[in-house]
There are 2 protein chains.
Amino acid sequence: MFELDLRSRAPVYEQLVEKIKELIINNVLKPDQQLPAVRVLASELTINPNTIQKAYRELEHRGYIYSVPGKGSFVKPAVPGTNDARLQALENELGKIISEMLYLGVPPQEIITMLKKLLAKKEGGKLDD
Amino acid sequence: MFELDLRSRAPVYEQLVEKIKELIINNVLKPDQQLPAVRVLASELTINPNTIQKAYRELEHRGYIYSVPGKGSFVKPAVPGTNDARLQALENELGKIISEMLYLGVPPQEIITMLKKLLAKKEGGKLDD
DNA sequence: TAACTGTATTATTTATGTTAGTACAATTAG
DNA sequence: CTAATTGTACTAACATAAATAATACAGTTA
C-alpha cells in the first residue's frame, strides 16, 4: 500500500505522514475508510510498530485521521471551513513558491497558466466521487 | 540581521538556510552582496561558527550563494532557465498545495484569485530594482 | 474465549545536531 | 612583510531525536 525510501534523510515516520496525508487529500483513501492496523503495516514495511504508531499519532494530531482503541484507525472526513489556520499556512507556502518562481525567471502569466493546468487535472481526477 | 527561534523543533542551521534563502529570493540580499562572515554571524546569534558554516555550505550546495576562501560568502546571481530541476520541484509543491486547498473546500476560482493577488503583491514589491 | 484493535512503557542502539577547540590556506589592510 | 580577516577542515564531546525491541493492558469483535 505504501512505499518508503529508507535511504532518505527524512525520518521514516515523517515520510509515512506525508504519504498517507497525500492519499487522503487526493481521495485515494476515502472518508471513514479504515487504515491498515499498526502491526500489519509495520509487518508489511518491515519496520517497528512503534514507528507506525508515531506516524498515526501525528496524523491524528493534524486532524487527518481518528483512532478508536479496539477498532482501528480511520480517515477523518474533512469539514470545509473548519481549518482557517491550515488554509493560512497554505497561502503562505503558496507565496513562497511564487516568489521563488519569479526569482527563477518564470513570467507571471506562465505561473497562472501553470496553476490553471494543475487545477484542471486535479478537478478532472475528482470524477472518482 | 537574522532572527532565530531556538525553541523550534527545526534545526538551527535549517532555519538559517530558509531565512537567508528567503532574503535572497525576495531580493533583500542583492546579487553578489556579501553575507556576514561565519564568525561574525555566529557571534551575533550567539551560536557556534560550525552551525553557520553548515548553513552556508548547504546554501552553496543549493546554488543560492558562493564562497571564496579569504574573501567571504556572496549572493549568487540567478540565471533564468538554469534550474529546471528546481522548477519541476516547485511545480510539484504547487500541485500538493492545490490538492490540499481543494480538499479543504476552497473553490478553484478562489484559488486563482488568491494566486493573482499574491502575484500582484510580489510584482509590486519588485519596484526595488 | 480468542484474536484482533490502539495505546503505553522502559530500555537500548543508532543517527543527527550542536558546541568546543584547534588548525591551515587564501585574501586584504596596514 | 605582518597582522587580521576570510572560508574551510578536523577531532572530540555532549545532547537530542529516531528507531528498534520486548512487554503489557484495555477495548472490540467474531
Side-chain angles (χ1 to χ4, degrees), chain A residues 1-21 24 29 31-77, chain B residues 1-21 24 29 31-77:
Chain A
M1 188 169 200
F2 308 108
E3 298 169 5
L4 291 182
D5 181 11
L6 296 179
R7 297 163 303 176
S8 171
R9 51 282 163 200
V12 173
Y13 85 92
E14 212 170 277
Q15 294 183 49
L16 263 176
V17 169
E18 290 304 315
K19 294 261 185 189
I20 297 177
K21 170 187 153 187
I24 294 176
L29 294 175
D32 291 311
Q33 179 177 343
Q34 184 164 9
L35 295 170
V38 171
R39 295 170 181 80
V40 173
L41 187 52
S43 173
E44 285 182 5
L45 301 177
T46 54
I47 60 181
N48 198 279
N50 293 336
T51 305
I52 307 289
Q53 196 206 342
K54 187 171 185 179
Y56 278 15
R57 193 191 313 144
E58 182 63 24
L59 282 165
E60 185 166 24
H61 181 256
R62 295 193 197 174
Y64 292 105
I65 72 174
Y66 62 94
S67 297
V68 183
K71 295 194 66 176
S73 299
F74 307 86
V75 176
K76 188 172 183 178
Chain B
M1 188 170 202
F2 308 109
E3 298 169 5
L4 291 183
D5 181 10
L6 296 179
R7 297 163 301 176
S8 171
R9 51 283 163 200
V12 174
Y13 85 92
E14 212 171 280
Q15 292 183 49
L16 263 175
V17 168
E18 288 306 314
K19 295 261 184 190
I20 297 177
K21 170 188 154 187
I24 294 176
L29 293 175
D32 291 312
Q33 179 176 344
Q34 183 166 8
L35 295 171
V38 171
R39 295 170 181 80
V40 173
L41 187 53
S43 173
E44 285 182 5
L45 301 177
T46 54
I47 60 181
N48 197 280
N50 293 336
T51 305
I52 306 289
Q53 197 207 343
K54 188 170 186 179
Y56 278 15
R57 193 190 313 144
E58 182 63 24
L59 281 165
E60 185 165 25
H61 181 256
R62 295 192 196 175
Y64 292 106
I65 72 175
Y66 63 94
S67 297
V68 183
K71 294 193 67 175
S73 299
F74 307 87
V75 176
K76 188 172 184 178

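Letters A, B, ... mirror the listed sequences (proteins, then strands); counts begin at 1.
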Of the candidate nucleotides [options], which contains the atom at the shortest distance from the side chain of [X]?
{"X": "A:Pro69", "options": "D:dT20, C:dC24, C:dG6", "value": "C:dG6"}
{"X": "A:Gln53", "options": "C:dG17, C:dT7, D:dT8", "value": "C:dT7"}
{"X": "A:Tyr13", "options": "D:dA18, C:dA23, C:dT7", "value": "D:dA18"}
{"X": "B:Asn50", "options": "C:dA20, C:dA26, D:dA24", "value": "C:dA20"}
{"X": "A:Ser73", "options": "D:dT8, C:dG6, C:dG17", "value": "C:dG6"}
{"X": "B:Asn48", "options": "D:dA9, C:dA20, D:dA21", "value": "C:dA20"}

Legend entry - Backbone of B:Ala10 reached by a side-chain donor or acceptor of B:Gln15 within 3.5 Å: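 Yes, the answer is positive, given that a donor and an acceptor are paired below the 3.5 Å cut-off.
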
Rounding to a whole Å, what distance do you find between [X]:[atom1] and [N]:[atom2]?
{"X": "B:Leu45", "N": "C:dT18", "atom1": "CG", "atom2": "P", "answer": "13 Å"}
{"X": "B:Lys71", "N": "D:dT8", "atom1": "NZ", "atom2": "P", "answer": "13 Å"}
{"X": "B:Phe74", "N": "C:dA26", "atom1": "CZ", "atom2": "C1'", "answer": "13 Å"}
{"X": "B:Tyr66", "N": "D:dT8", "atom1": "OH", "atom2": "C1'", "answer": "18 Å"}
{"X": "A:Leu41", "N": "C:dG6", "atom1": "CG", "atom2": "P", "answer": "10 Å"}
{"X": "B:Leu59", "N": "D:dG7", "atom1": "CG", "atom2": "C1'", "answer": "15 Å"}
{"X": "B:Gln15", "N": "C:dT16", "atom1": "CD", "atom2": "P", "answer": "19 Å"}
{"X": "B:Ile47", "N": "C:dA20", "atom1": "CD1", "atom2": "P", "answer": "11 Å"}

Inset, instruction - Return the 5'-most residue of the pair A:Gly70, A:Glu14 with respect to DNA chain D, ranking by each residue's nearest nucleotide. - result: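 Closest to the 5' end, via its nearest nucleotide, is A:Glu14.
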
Legend entry - 5'-most by nearest nucleotide on DNA chain D - B:Tyr56 or A:Pro49: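 Its nucleotide being nearer the 5' end, the pick is B:Tyr56.
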
Inset, instruction - For the residue pair B:Glu44 and B:Pro36, establish whether any side-chain heavy-atom pair is separated by less than 4.5 Å. - result: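 Sidechains of B:Pro36 and B:Glu44: no contact.
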
Legend entry - Heavy-atom donor-acceptor pair, B:Arg9 side-chain to C:dT16 base, under 3.5 Å: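 Not at all, since no donor on one side and acceptor on the other fall under 3.5 Å apart.
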
Inset, instruction - Please evaluate the base of C:dT22 for a donor-acceptor partner in the side chain of B:Arg39 within a cut-off of under 3.5 Å? - result: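 By the distance-only test, no, there is no pair.
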
Inset, instruction - Inspect the contact between B:Arg62 and B:Glu18 and indicate whether a charged nitrogen and a carboxylate oxygen are less than 4.0 angstrom apart. - result: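 The answer is yes: the pair qualifies as a salt bridge.
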
Legend entry - Pair B:Glu58 + B:Lys54: basic N to acidic O under 4.0 Å: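 Salt bridge absent between B:Glu58 and B:Lys54.
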
Legend entry - Sugar-phosphate, base or nothing in reach of A:Glu60, heavy atoms under 4.0 Å: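 Sugar-phosphate, no base atom in range.
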
Inset, instruction - Look at all strands and tell whether A:Arg57 reaches a base, only sugar-phosphate, or nothing, counting heavy atoms closer than 4.0 Å. - result: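 No contact at all - A:Arg57 keeps every heavy atom at 4.0 Å or more from the nucleic acid.
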
Inset, instruction - Taking only the side-chain nitrogens and oxygens of A:Thr51, find out if one of them lies under 4.0 Å from OP1 or OP2 of D:dT20. - result: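 Yes, within the criterion.
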
Legend entry - Side-chain N or O of B:Lys54 closer than 4.0 Å to phosphate OP1/OP2 of C:dT18: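 Negative; the distance criterion is not met.
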
Inset, instruction - Check each of B:Leu16, B:Thr51, B:Val40, B:Val12 against B:Leu45 using the side-chain contact (heavy atoms from CB on, under 4.5 Å) test, and report the only one that passes. - result: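 The passing option is B:Leu16.
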
Inset, instruction - From the options A:Ile24, A:Leu59, A:Asp32, select the one residue that forms a side-chain contact (heavy atoms from CB on, under 4.5 Å) with A:Val75. - result: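 Going through the options one by one, the only one that passes is A:Ile24.
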
